[in-house]
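For reference, the structure is listed below as C-alpha cells.
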Amino acid sequence: KNHKPLYYNNPMWPGEAHSLMVEEILYEGKSNYQEILVFKSSMYGKVLVLDGIVQLTEKDECAYQEMIAHLPLCSILSPQNVLVIGGGDGGVLREICRHRSVQHIDICEIDELVINVCKIFFPALSIGFEDPRVQLHVGDAVDFLRNAREGMYDAIIVDSSDPIGPAQELVEKPFFQTIAKALRRGGVLCNQAESMWLHTHLIQNMLSICREVFNGSVHYAWTSVPTYPSGVIGFLLCSTDGPCVDFLNPVNPIERQEATVKHKRELKFYNSEIHKAAFALPSFLTRQLMTL
Ligand code: AAT
C-alpha cells in the first residue's frame, strides 16, 4: 500500500488513476522543476505529462486551450495586452493570437525545458510562440507579477499546473492580489480552477479569495476534457472594478472574426453557445459555492 508510485496515488485525486495505452515513449527528462514525459498514446495522440500528471493530449487539448483563452477574451471588447502564466506548450498563445485586437502578449513560464520539448513534439501548439506579438519571460510567475506595471493588462490567463510543485503559490491570496493590480480597470482574469468532482475545497478557497480581491464579478465555469482527472476542468473568471464585465454574455464573439479569415486551423470546441453554457453549474456545486 505504501509503495505505490505517485501516479497511482496522487494526493490531488487519491484512490484513483486514469490509464491511456502507451504506444511509444518519445521523451523522458527532468528539469529543475519537474519530470517531463512525452508519449504516443493509441487513441489520444501524443501526450505531455509533468510529474506524472497529464497536461495535454493532441486529441482533447482544443477543449482546454480554446476555453481558457476565449472565455476571458470574448467577454471584453477589443483586448490588447494579455499575460499568460504557465502555458509553456504554446497552445493558449495560439488561441489568443486569433484575436486581431491583441497587440502584445507576455508569457511567463517557469520551465524552459517544457517549452523546448513542446517545440519538438507538439508543433501544432508551440506555433503560438512564433507570433511576433509574443514575448517570452522564463521565470516564476510570482516574481514576474510582483514586478509587473500596474494596470497594464486587459486580460491575464493563468494556465498553470496543479498546486503541488512549482505552482503551489499560484492559488494563494498574495498572488491574486498582484494579478488584480496588474489588470486595468474592468480587466479580466481566467484561472485554471480544477475539478468540481475532486477539488471543491480548493475551488471554494480560490473563490473566496477572489471575491475578496476582485471588486467586479467572480464566476466559475467548466468544460469537458476527457484526459484530465474526472474528465472535467473548471476556470475562475474574475474582473476588476470599473466597466462591468458580463461573463455570461460574450460581447466579443471570436466566431465573427474567424469567419472573415481563412485559418489553417479552425476553432474545434469554442463557440458563443458553449461560452454561455459553461457557466451553468450542477446544483451540488451551486450549493457548495453559495455557502462560502
Ligand atoms: N496548457 C497545458 C496545461 C498546463 S501546463 C502548466 C504549465 O505551468 C507548465 O508548463 C508549468 O511548468 C507551468 N508552471 C507551473 N508553475 C509555474 C510558476 N510558478 N510560474 C510559471 N509557470 C509555472 C496546465 C494543465 C492543468 C492540468 C490540471 N490537472
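Counting starts at 1 for both ligands and their atoms, following the listed order. What you see is a predicted model; the values in this text were computed from it and never measured. The chain is numbered in sequence order, starting from 1.
Under 4.0 angstrom from ligand 1, the non-hydrogen atoms of Ile233 all belong to its side chain. Contact annotation for Val114 and ligand 1: only side-chain heavy atoms (C-beta onward) come within less than 4.0 Å of the ligand. Residue-level proximity to ligand 1 for Tyr33 is absent, since no heavy atom of it falls below 4.0 angstrom. Within the 4.0 Å heavy-atom criterion, neither part of Glu61 lies near ligand 1. With a heavy-atom cut-off of 4.0 Å, Gln34 touches ligand 1 through its side chain alone. Heavy atoms of Leu50 found under 4.0 angstrom from ligand 1 belong exclusively to the side chain.
For ligand 1, the atoms lying closer than 4.0 Å to a non-hydrogen atom of Asp162 are 28 (C), 29 (N). Here is the list of ligand 1 atoms found below 4.0 Å of a heavy atom in Ser160: 6 (C), 8 (O), 24 (C), 26 (C). Every atom of ligand 1 with a heavy atom of Gly139 under 4.0 Å away is listed here by number and element: 20 (N), 21 (C). Each of the following atoms of ligand 1 lies closer than 4.0 Å to a heavy atom of Gly86: 7 (C), 8 (O), 13 (C), 22 (N). In the vicinity of Cys108, heavy-atom distances shorter than 4.0 Å reach the ligand 1 atoms 21 (C), 22 (N). Less than 4.0 angstrom separates some heavy atom of Gln192 from each of these atoms of ligand 1: 26 (C), 28 (C).
Ranking the protein heavy atoms by distance from atom 5 (S) of ligand 1 puts Gln55 OE1, 3.4 Å first. Nearest protein heavy-atom contact of atom 10 (O) of ligand 1 is Glu109 OE1, 2.7 Å. Counting only heavy atoms of the protein, atom 2 (C) of ligand 1 lies nearest to Asp89 OD2, 2.8 Å. Among protein heavy atoms, atom 3 (C) of ligand 1 sits closest to Asp159 OD1, 3.3 Å. Nearest to atom 15 (C) of ligand 1 among the protein's heavy atoms is Ser161 OG, 3.2 Å. Among all protein heavy atoms, the one lying closest to atom 20 (N) of ligand 1 is Ala141 N, 3.0 Å.
The pair Glu61-Arg94 meets the salt-bridge criterion, with a side-chain N (NZ, NE, NH1 or NH2) lying under 4.0 Å from an Asp/Glu carboxylate O. Under the 4.0 Å criterion applied to side-chain N and carboxylate O atoms, Glu66 and Lys268 are not assigned as salt-bridge partners.
In terms of polar-atom proximity, Tyr64 is not counted as a contact of ligand 1, lacking any N or O under 3.5 Å from an N or O of the ligand. Considering backbone and side-chain N/O of Trp13, none are found under 3.5 Å from N/O of ligand 1. Every N/O-N/O distance between Glu194 and ligand 1 stays at or above 3.5 Å.
Counting only distance, with no hydrogens or angles, the side chain of Glu109 and the backbone of Asp111 share a donor-acceptor pair below 3.5 Å. With hydrogens and angles disregarded, a donor-acceptor distance shorter than 3.5 Å links the side chain of Asn147 to the backbone of Asp143.
Counted within 6.0 Å of CD on Glu112, heavy atoms from surrounding residues, nucleotides or ligands total 12 or fewer; the atom is thus considered open. Taking a 6.0 Å sphere around CG of Leu136, one finds it holds more than 12 heavy atoms contributed by other residues, nucleotides or ligands.
Ring pair His99/His70 is tilted by interplanar angle, where 30° to 60° counts as tilted. Note on ring orientation: taking the six-membered ring where Trp is involved, the planes of Tyr27 and Phe121 are tilted (angle from 30° to 60°).
Arg265 places a side-chain heavy atom less than 4.5 Å from the side chain of Arg98.
By the side chain to side chain donor-acceptor pair (under 3.5 Å) test, Arg185 pairs with no residue at all, sequence neighbours left out.
Cation-pi check for Lys119 over Phe129 is met; the charged atom lies under 6.0 angstrom from the ring centroid and within 45 degrees of its normal.
The option with the heavy atom closest to atom 17 (C) of ligand 1, from among Val84, Ile110, Ile68, Leu93, is Ile110.
Within the 4.0 Å heavy-atom cutoff, Gln65 counts among the residues contacting ligand 1.
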message = I'd like to know whether Tyr64 forms a side-chain hydrogen bond (donor to acceptor under 3.5 Å, both in side chains) with Asp159, so could you lay out the CA-CA distance, the side-chain angles of the two residues, the decisive distance to 0.1 Å, and finally the verdict.
response = CA-CA 10 Å; Tyr64 178 78; Asp159 174 19; 2.6 Å; yes
task = Kindly indicate, with the supporting measurements, whether the criterion side-chain hydrogen bond (donor to acceptor under 3.5 Å, both in side chains) is fulfilled by Ser41 and Glu23.
result = CA-CA 5 Å; Ser41 69; Glu23 277 196 348; over 6 Å; no
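For Tyr228 and Trp13, the ring centers sit 6.0 Å or farther from each other.
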